[in-house]
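A note on names: the letters A, B, ... follow the listed sequences, proteins ahead of strands, and every chain is numbered from 1.
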Protein chains: 2
Amino acid sequence: MTVTLKGLRAFSSVARLGSFTRAAGLLHITQPALTVQIRQLEAALGLRLLDRTPHGAEPTAAGRELARSLEPLLRELDQTVSSLQDLAARRRGAARLAALPSVASGLLPPAMARLRATHPELHVRLHEAVTGQIYEMVRAGQVDLGIATDLKPGGELTVDPLFRDQILALLPPDHPLAERKAIPLALLAGERLLLLEPDSSIRRLVDDAFAREGRMVTPAQEAVHSGTLVGMAQAGLGIALLPSTAAELRMAPELAARPLGPPGIHRMVGLVRRGGRSLPPAAEALAEALRAEAALLAPPPRRPPNPPLRRAARLSPPPRRAG
Amino acid sequence: MTVTLKGLRAFSSVARLGSFTRAAGLLHITQPALTVQIRQLEAALGLRLLDRTPHGAEPTAAGRELARSLEPLLRELDQTVSSLQDLAARRRGAARLAALPSVASGLLPPAMARLRATHPELHVRLHEAVTGQIYEMVRAGQVDLGIATDLKPGGELTVDPLFRDQILALLPPDHPLAERKAIPLALLAGERLLLLEPDSSIRRLVDDAFAREGRMVTPAQEAVHSGTLVGMAQAGLGIALLPSTAAELRMAPELAARPLGPPGIHRMVGLVRRGGRSLPPAAEALAEALRAEAALLAPPPRRPPNPPLRRAARLSPPPRRAG
DNA sequence: TCACGGTCATAAGGATCCACTATCGGGGTC
DNA sequence: GACCCCGATAGTGGATCCTTATGACCGTGA
């Protein structure tokens, strides 16, 4: 005894076609089922909506009124639903991403190209930031996804490993240290070092590594952008320390790039998201593209057998809440 | 696996209240039932709409988008439904009526007063016409209801008897014929007669009655409006023949009104509607008021035990199709 | 005039759906 | 650590809905 979407659609079809039988065919049900549907709708409204004639059915005044109001409503509802299904099918939507500058220049562009190939309608809204800011933006819901160093932040954030890269020293090929396959930190300490500013996660990584060997880092030059450091290294101003995945390394093919250590300086880069929250489909697609691109880096990152990011579109069983 | 109005309402409530439990209370179902409803909606859309948290539930990006589109849609639908229910409850609507002038001045006004007393929001749109036009307007759907003489029209029209009235002669009280209780047609034939124009059903009735007695009617004066004839009778211009229910008779209390015959001239006035078509609720209410008012006329009209006009609001069993 | 093809209505049976009760698992709080 | 609140799950009984089969009625054409 209640108004049903099915009943309204049924009525709309009958009113439009002027026939129970034909409308039943259109709705893929039998005519008796349609008759019952209409009767229930009429009972729910307390109104006769259709006059049955020997030639079919014809809306009453009330029926015409309902049909007129109903038509745009049903159309708009269908539009809303199909728009949401577009979103679910990743034919629409934007992923809001906060990423480290090194990843934004390195891993991200090919991942975006991959995304565009598979899901051409999806957009990426990129914010470049350092790890702390990235965590904060994910926590605040300003972005769906973050790419940052894996610092195991507490609270409501979840970080899934994406790839592991290492810090490389960028130096002139005729530099004495360039003869080595890897450059010990002890030997670097006396060199003129070109480093990112202290709020960068790479800089912190470098500082920590030197500190573990009991050394203080005193950079010859600091910069915000990796490209600046590469330019300085090209000009012979010193040795730049940059992550291996940063695209800026390719700016200067004439320079030698050497790993540090042993043991070297490594960092784990991960995908950051809010635990217990499902990712929007577009962000899910971007995450997949990023993981696929990261898998091409050797060695493949150690990852648990099941991808920690579940597909939001696969609804059963739903993801457990944040743990 | 389909989108349901119930499911959409359920989602809307949960999104608005931020809690399954509270929304379930609002919807008068239990929380597990609501959980299932939401799960089915999510499955139908292929999207996660709500993120479950320990404190309740919160819409995802898709959920917010749906909630935003859904709110006006549901409100408008509810409005449409309640507007139709107003119509069904006779709190709204207009009855389109075509009536004979004599009825429009006689029976109709008290019936409209009765209607206003019981259903103050209903309107009556009145067309005054002669019987042939009335039948045509009902047939064409220009009006919902007609009041005309019962000529047993064929086709798709149904006429239900409303009342029976007779033709009265209106004449000065000092006229010799006024001494009789009833005036035979034979005596009238020699008088100066004041008659309606030939397209009126009353005129045709009078003509036919005279013709059955082998006489031709030669009116001293013709008019379109009954009031004109009454005025002429008042002025001593002749004897006016008018139906007993016409309110214009009351214009001239100083004139004597006498029935004709025996056998007199009678007519049956009936409610005309399209067979197989249900009456709009407002027209149904008007018909009821008209029947109630007609029942006050003595003698009560002979009517079948069940009112031939069924109530459109009572849906089972529905009226059979046109016979 | 009678059979036929069309309409919608009705009835009965079976599958499906749905809401309820009872219970569980997890998180936060005192 | 013991509650309390949250949502998820399982199981069951009842309502719902669709299907097939059939009926009543109308209009048409042989």
Practice task
Assign each of A:Pro32 and A:Thr4 to its nearest nucleotide of DNA chain D by heavy atoms, then name whichever residue's nucleotide is nearer the 5' end.
Solution key: A:Thr4

Handout entry: Distance in angstrom units between B:Leu27 CG and C:dC18 P, rounded
Key = 15 Å

Exercise for the section: Could you point out which residue of B:Leu70, B:Leu8, B:Leu45, B:Leu66 forms a side chain to side chain contact (heavy atoms under 4.5 Å, CB included) with A:Val81? Expected result: B:Leu45

Handout entry: Backbone of B:Leu26 reached by a side-chain donor or acceptor of B:Arg22 within 3.5 Å
Key = no

Exercise for the section: Output yes when a side-chain donor or acceptor of B:Arg164 lies under 3.5 Å from a complementary backbone atom of B:Arg267, and no otherwise. Expected result: no

Practice task
Could you check whether A:Thr30 gets within reach of a base, just the sugar-phosphate, or nothing at all, counting any heavy atom under 4.0 Å?
Solution key: base

Handout entry: Integer-rounded Å distance: C:dC18 C1' and B:Leu41 CG
Key = 16 Å

Handout entry: Atom pair distance, as rounded to whole Å: CD in B:Gln31 and C1' in D:dA8
Key = 7 Å

Handout entry: B:Lys6 NZ to C:dC17 P, straight-line distance once rounded to whole Å
Key = 13 Å

Handout entry: d(CD, B:Gln37; P, D:dT16) in whole Å
Key = 14 Å

Handout entry: B:Arg22 CZ - D:dC5 P separation (whole Å)
Key = 13 Å

Exercise for the section: Check the surroundings of atom CD in B:Glu71: do more than 12 heavy atoms from other residues, nucleotides or ligands lie under 6.0 Å from it? Expected result: no

Handout entry: Test item: B:Arg48 side-chain N/O and B:Thr60 main-chain N/O as donor-acceptor pair under 3.5 Å
Key = no

Practice task
Check for a donor-acceptor pair, side chain of B:Glu42 on one end and backbone N or O of B:Leu50 on the other, with a separation under 3.5 Å.
Solution key: yes

Practice task
Can you figure out which of D:dC18, C:dC20, D:dG27 approaches the side chain of B:Ile29 most closely?
Solution key: C:dC20

Exercise for the section: Consider the side chain of A:Thr21, meaning its heavy atoms from C-beta on, and name the nucleotide among D:dT9, C:dT7, D:dA8 that approaches it most closely. Expected result: C:dT7

Would you tabulate the pairs of protein nitrogen or oxygen atoms and nucleotide nitrogen or oxygen atoms of nucleotides 28-30 of chain D closer than 3.5 angstrom?
none

Problem - Nearest-Å distance for atom pair CG/C1', residues A:Leu49 and C:dC8 - result: 16 Å

Fill in the blank from the handout: Taken to the nearest whole Å, NE2/B:His55 to C1'/D:dC5 is 11 Å

Problem - Sole residue of B:Ile147, B:Leu145, B:Leu162, B:Val159 in side chain to side chain contact (heavy atoms under 4.5 Å, CB included) with B:Val272 - result: B:Val159

